[in-house]
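One-based numbering, in listed order, for ligands and for the atoms of each. No experiment lies behind these values; they were computed from the predicted model shown.
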Amino acid sequence: MLLYLTITIIITEWRTKYRREMNTQDNIAKSKAVDSLLNFETVKYYNSEGFEVRRFEDAILKYQACELKTNASLALLNQTQNLIIGLGLLAGSLLCAYYVTVDKFQVGDYVLFGTYIVQLYTPLNWFGTYYRMIQSAFVDMESMFDLLTEEKEVKDDVNAGDLLFTEGRVDFQNVCFSYTAGKEILSEVSFTVMPGQTVALVGPSGSGKSTVIRLLFRFYDVQGGCILIDGQDISKVKQNSLRSYIGVVPQDTVLFNDNIRENIRYGRISASDQEVEEAAVAADIHHKILTFPNGYDTEVGERGLKLSGGEKQRVAIARTILKSPRIILLDEATSALDSQTERNIQASLAKVCANHTTLVVAHRLSTIINADQILVLHDGQIAEQGRHEELLAMGGLYAAMWLKQQQTPESEVSTNEQPQEPQQSD
Ligand SMILES: Nc1ncnc2c1ncn2[C@@H]1O[C@H](COP(=O)(O)OP(=O)(O)OP(=O)(O)O)[C@@H](O)[C@H]1O
């Protein structure tokens with residue numbers, strides 16, 4: 001019995017590594033499958049179906065090799081256990097038989113021995129099985145435990161209270177931030193958005209515009225300086241309360257694989273169907289939705305692939321309208337939309353942003369010429385700030401960007417109600 005228990009524990013511990021390896025390969029194979037299915041468009045653009053099949057096949061073969069080792073080691077464990085039981089039974093039986101022949105035991109004693117040994121081995125077998133199952137379950141749960149012990153990047157203070165929203169003034173005071181040590185993205189950035197004002201952030205790609213938005217939404221905590229809303233440091237208030245006042249229209253709107261109605265309702269889960277439709281009207285997408293075969297019940301597909309970029313953006317705007325936030329963060333889409341769609345989107349946005357503190361990340365300068373203040377980010381710092389005309393008059397970075405955009409055909413399409421005359425910039 002001792003031998004049985006010892007061997008069971010040793011072999012079970014030894015085969016743990018195969019089970020762990022098998023789980024890792026299983027995760028790799030599944031993530032490869034999901035990745036290539038989600039990115040099916042890219043796969044098709046580059047004719048890479050064969051490559052993806054081979055990649056998945058490789059992953060599956062590695063998984064199968066690990067599975068083989070796991071099953072083979074399980075078979076070894078079972079056979080060793082059976083061998084020990086068999087040998088024990090054989091040795092005991094031979095001994096009893098010998099004692100019967102020398103008249104030390106009766107035949108009944110031999111039968112009694114057989115009955116005892118069977119009663120002993122049944123619980124031993126159970127012990128082996130349960131020990132192995134518990135061990136495997138712990139290995140399978142390792143990834144989950146790793147996830148549970150993952151440190152949160154943004155934590156609420158123990159004494160954090162709710163944000164007391166009054167008028168919606170936003171202050172960035174000497175904000176410094178980097179995603180990775182040694183590469184500073186924002187350095188001593190300071191600016192103020194007065195209540196109800198619209199402030200636009202412009203600058204070259206990678207200058208940190210979206211990062212400003214992420215910091216205000218508190219996806220990350222700043223590493224230097226502070227961000228205040230109505231005089232309260234946002235790192236000292238509860239994330240939930242902060243986020244309840246802020247609405248974000250992101251650069252790339254990703255929708256859930258559900259119908260349009262539920263996707264819009266995501267802005268406020270408790271909203272009624274009528275409120276959803278009112279938000280869609282305000283976002284100027286209601287009529288478009290009615291032209292779809294199933295109207296509001298139309299399924300949008302994975303990540304909303306059945307909708308166009310402009311439609312997805314208007315669904316995002318409708319969601320934000322439904323949320324009715326007090327501060328609006330707008331990360332403008334980089335892709336140029338056709339003039340009519342863009343005019344519609346700008347008009348919807350103007351409705352959402354009216355009388356709300358708004359921070360806009362703009363890629364097309366024509367969309368922000370009426371902003372109360374424009375901040376030009378360069379190398380993680382605010383290089384210029386002022387209104388459109390003031391910045392043009394300065395003849396600096398902004399003026400150069402404006403001039404460049406005016407020369408490209410896409411930017412000739414001004415989305416503003418009062419188009420800016422290109423000559424002004426010269
Ligand atoms: N999660 C992240 N981890 C590490 N670096 C990041 C992360 N997100 C962004 N960055 C880096 O931070 C820099 C600023 O990114 P950000 O998205 O703020 O730029 P942006 O000005 O909004 O650019 P774009 O106009 O192209 O959208 C970039 O160099 C980017 O590579």
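A donor-acceptor pair shorter than 3.5 Å can be found between the side chains of Glu13 and Tyr131. Donor-acceptor pairing under 3.5 Å is lacking for the side chains of Glu21 and Gln25.
One finds a salt bridge joining Arg265 and Asp273 here, because a Lys/Arg side-chain nitrogen approaches an Asp/Glu carboxylate oxygen to under 4.0 Å. Taking a cutoff of 4.0 Å between a charged side-chain nitrogen and a carboxylate oxygen, Lys236 and Asp156 do not qualify as a salt bridge.
At least one heavy atom of Ser207 sits closer than 4.0 Å to an atom of ligand 1. Contact analysis leaves Phe219 out of contact with ligand 1, as no non-hydrogen atom separation drops below 4.0 angstrom.
Under the 30°/60° scheme for interplanar angles, the aromatic rings of Trp126 and Tyr130 are found to lie parallel. Relative ring orientation between His286 and Tyr296 is described as tilted, the plane-to-plane angle lying within the 30° to 60° band.
For the ring pair (Phe, Tyr, Trp, His ring centres under 6.0 Å) test, residues two or more places apart in sequence or in another chain that qualify with Tyr266 are Phe256.
Residue-to-ligand polar distances keep Thr180 apart from ligand 1: every N/O pair is separated by 3.5 Å or more. Considering backbone and side-chain atoms together, Ile185 places no N or O closer than 3.5 Å to any N or O of ligand 1.
Of all atoms in ligand 1, listed by their number and element, those nearer than 4.0 Å to a heavy atom of Lys183 are 29 (O). With ligand atoms numbered from 1 in the order given, ligand 1 contributes 1 (N) to contacts under 4.0 Å with heavy atoms of Tyr220. Atoms of ligand 1 found under 4.0 Å from any heavy atom of Gly208 (numbered from 1 in listed order, with element): 14 (C), 18 (O), 19 (O), 20 (P), 21 (O).
No part of Phe177 comes within 4.0 Å of ligand 1, judged by heavy-atom distances.
Of the options Val202, Leu186, Thr211, the smallest heavy-atom separation from atom 16 (P) of ligand 1 is shown by Thr211. Of the candidates Lys209, His363, Arg214, Arg214 brings a heavy atom nearest to atom 17 (O) of ligand 1.
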